[in-house]
Amino acid sequence: MGLFFGVPAKYLELGNTLHPIGKITIKQNPKDRRYSMNNSSNASSNASCSLDQNTEHIQNMLFHTHDLIIRNHSFKDTPGALIYLESLADPPLIERNIITPMNFGEGKNLQELFTTLRVEKNSNLEKGIQGLMQGSCLYFTEGSQDFFVLTTPAIHDRSIAEPDNEAIVRGAHNGFIENLTVNLNLIRRQINTPELTVRYYNIGNTAPRKVAMIYVQNLSEPELIQKVEKRLTNISIDTVMSTGFIQELEEDRPYSVFPQHLNTERPDHTCAYLLDGHVALLLEGDPTALIVPAGFFNFYQTPDDYNNRWMIASFVRFIRLISFITAFLLPAIYIAIVSFNSNVLPIQLFVTVQGSLTRVPYPPLVEAMFLELIFELLREAGLRLPSRVGQTIGIVGGLVIGDAIVKAGLVSYPMTIVVALTAISSFLIPNVEMSSALRITRFPLMIAAALFGFIGISFGLTILFVHLCKLESFGKPYIYPVSPLKFKGLKDTFVRFPIWSIRKKSQGSRKNN
């Protein structure tokens, strides 16, 4: 039984149904292959001229929550009420910019007195509720349908620090945080041009979240901008908890194991792709930026590739691509050799491997699966535990368990070495999602190698390559510039040529450098 936002899946059916969230319609668009959910419980309502009715209506809409504060405050002998959520608004800011000016501002109208960053007049209570949810303060007066929405959010941000999973040796050591305004500030500091454009979208019917689409006007293709905007506006869901929701609802092939959005928490990495014609998506409350379109080779590029000299960067990138082959193919090749093609080994190595395999009571495939399962358990344990304890578990657990299972005859020494090299190679992949995709795809390849040897590996690689050739990210080929083949694009793919020789921008760009 699955769960949907904490609701058992048995309460959700295709079509119209009732459940605790409200009335939801789940539709599948065959063209976009994305799910759309329309919540029909929201209805717009205008404010009343009665102050008591307005305050009572807001209390009812917020289910009389205890953190809703209503302060009666008259202005020029006209009764009024100040309404805000103390958990989201900043009380000292309200006192300084709203209440104090009202107390000493006789002879002026209200809109001139308020000194908050944004003052908006509205008559729709639904808009007022949305403002309360964003930390704003509402001021109602008796005898008027119009009320003021005053921006007074409480700011509790962590410091700007380098992301732990994207550390670099040379370059800027800062990262995105959970505040969208701060993240946009970090981007505008590095791209100081009026062509940098930001578009805001509210996604979510029940609890809307602000999403920012960022691009450079004369560098990004208009078709790409329209496609990203269309997919954003077509998302209809109760709420967006993280950028992972946007990623799943926007991608071209949702059933592909390979990621089609590049995610990063580094402002310099994001700015580099923006200047290359890509589009970035940022979500309020999430420090991760989504970059589209994303190609296969983008997941193997890091800011260090461009902070170091081109020869060093090319060597490191080539090693990184070799690690991809090792992490993907090494277990399958070993299984094929010991199961079908042991004659390719030198005589002395063959005797050593066979002597080690005679103590293992099951086939190499089971042996490899057993070791891979142990390694995945150690990896997850190291991630979930506190950092110091996690490192200890990883080192001690790996040494103790690895030595014990070999001495017990459950696995062989060569298989332990193969799995260890595979694990180390997977750590060289800069992107976590691509590393996870390789961890999943190597299991079918291991099964094919155990059944058919090198022929099974060849068929598996052929199927994988065809899939990668057909895969697209927002209409752009996934393994560009290999397919379609573009020799100029290869200058910044397997290796990095000098910057002065890389003249043309990537596939998402309209201009040359």
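The chain is numbered in sequence order, starting from 1.
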Spacing of [atom1] belonging to [X] relative to [atom2] belonging to [Y], to within rounding of 0.5 Å:
{"X": "Gln134", "Y": "Arg209", "atom1": "CD", "atom2": "CZ", "result": "11.0 Å"}
{"X": "Met434", "Y": "Leu262", "atom1": "CE", "atom2": "CG", "result": "9.0 Å"}
{"X": "Leu421", "Y": "Ile417", "atom1": "CG", "atom2": "CD1", "result": "7.5 Å"}
{"X": "Arg266", "Y": "Asn174", "atom1": "CZ", "atom2": "CG", "result": "7.0 Å"}
{"X": "Asp276", "Y": "Ser220", "atom1": "CG", "atom2": "OG", "result": "9.5 Å"}
{"X": "Ile235", "Y": "Phe245", "atom1": "CD1", "atom2": "CZ", "result": "11.0 Å"}

Test side chain to side chain contact (heavy atoms under 4.5 Å, CB included) on Ile337 and Phe350 and set out the steps.
-> CA-CA 10 Å; Ile337 288 176; Phe350 171 76; over 6 Å; no

Using modelled atom types and a 3.5 Å cut-off, is there a donor and acceptor pairing between side-chain atoms of [X] and backbone atoms of [Y]?
{"X": "Ser314", "Y": "Met311", "answer": "no"}
{"X": "Ser473", "Y": "Gln260", "answer": "yes"}
{"X": "Thr358", "Y": "Gly355", "answer": "yes"}
{"X": "Arg359", "Y": "Ser412", "answer": "no"}
{"X": "Arg118", "Y": "Thr151", "answer": "no"}
{"X": "Asn431", "Y": "Tyr300", "answer": "no"}
{"X": "Ser483", "Y": "Ile479", "answer": "no"}
{"X": "Thr197", "Y": "Glu195", "answer": "yes"}
{"X": "Thr352", "Y": "Gln348", "answer": "yes"}
{"X": "Ser159", "Y": "Ala161", "answer": "no"}

Exercise: identify the closest heavy-atom pair between [X] and [Y]:
{"X": "Thr326", "Y": "Ser425", "value": "CG2-OG, 3.2 Å"}
{"X": "His278", "Y": "Val292", "value": "CB-O, 3.4 Å"}
{"X": "Asn179", "Y": "Glu284", "value": "CA-OE2, 3.9 Å"}
{"X": "Pro414", "Y": "Ser356", "value": "CD-OG, 3.2 Å"}
{"X": "Ala336", "Y": "Phe454", "value": "CB-N, 4.0 Å"}
{"X": "Ala423", "Y": "Ser426", "value": "O-OG, 2.6 Å"}

Sole residue of Arg170, Arg320, Arg496 in salt bridge (Lys or Arg N to Asp or Glu O under 4.0 Å) with Asp305 | Arg320

Report yes if the side chains of [X] and [Y] come closer than 4.5 Å at any heavy-atom pair, otherwise no.
{"X": "Leu281", "Y": "Leu232", "result": "yes"}
{"X": "Val411", "Y": "Val360", "result": "no"}
{"X": "Pro484", "Y": "Pro477", "result": "yes"}
{"X": "Ile335", "Y": "Leu365", "result": "yes"}
{"X": "Leu186", "Y": "Thr270", "result": "no"}
{"X": "Tyr201", "Y": "Thr233", "result": "yes"}
{"X": "Ser236", "Y": "Asn205", "result": "yes"}
{"X": "Leu371", "Y": "Ile405", "result": "yes"}

Taking atom [atom1] of [X] as the centre, does the number of heavy atoms from other residues, nucleotides or ligands within less than 6.0 Å exceed 12?
{"X": "Asp164", "atom1": "CG", "result": "no"}
{"X": "Leu373", "atom1": "CG", "result": "yes"}
{"X": "Leu117", "atom1": "CG", "result": "no"}
{"X": "Leu451", "atom1": "CG", "result": "yes"}

Please confirm whether [X] and [Y] have ring centers closer than 6.0 angstrom.
{"X": "Phe340", "Y": "Phe452", "value": "no"}
{"X": "Phe324", "Y": "Phe296", "value": "yes"}
{"X": "Tyr306", "Y": "His269", "value": "no"}

Verify side chain to side chain contact (heavy atoms under 4.5 Å, CB included) between Ile168 and Thr302, making sure each step is shown before the conclusion.
-> CA-CA 8 Å; Ile168 62 172; Thr302 67; 5.6 Å; no

Could Lys227 and Phe474 be counted as a cation-pi pair, given that NZ or CZ must be under 6.0 Å from the ring centre and within 45° of the axis?
-> no

When the ring planes of Phe427 and Phe375 are compared, do they come out parallel, tilted or perpendicular, using 30° and 60° as the limits?
-> tilted

What I want to find out is whether [X] reaches [Y] closely enough, with some N-O distance under 4.0 Å, to be called a salt bridge.
{"X": "Lys470", "Y": "Asp252", "value": "no"}
{"X": "Asp492", "Y": "Arg317", "value": "yes"}
{"X": "Glu472", "Y": "Arg253", "value": "no"}

Evaluation steps, side chain to side chain contact (heavy atoms under 4.5 Å, CB included), between Phe370 and Tyr362 = CA-CA 11 Å; Phe370 179 60; Tyr362 33 75; 4.3 Å; yes

Please determine, by modelled atom types, if Gln247 and Asn263 share a side-chain donor-acceptor pair under 3.5 angstrom.
-> no

Is it the case that Asp286 and Thr288 place a side-chain donor and acceptor less than 3.5 Å from each other?
-> yes

Walk me through it: do Met213 and Ile225 pass the test side chain to side chain contact (heavy atoms under 4.5 Å, CB included)?
-> CA-CA 9 Å; Met213 182 178 72; Ile225 298 172; 4.0 Å; yes

Candidates Glu250, Glu433, Glu248 - the one meeting side-chain contact (heavy atoms from CB on, under 4.5 Å) with His261 | Glu250

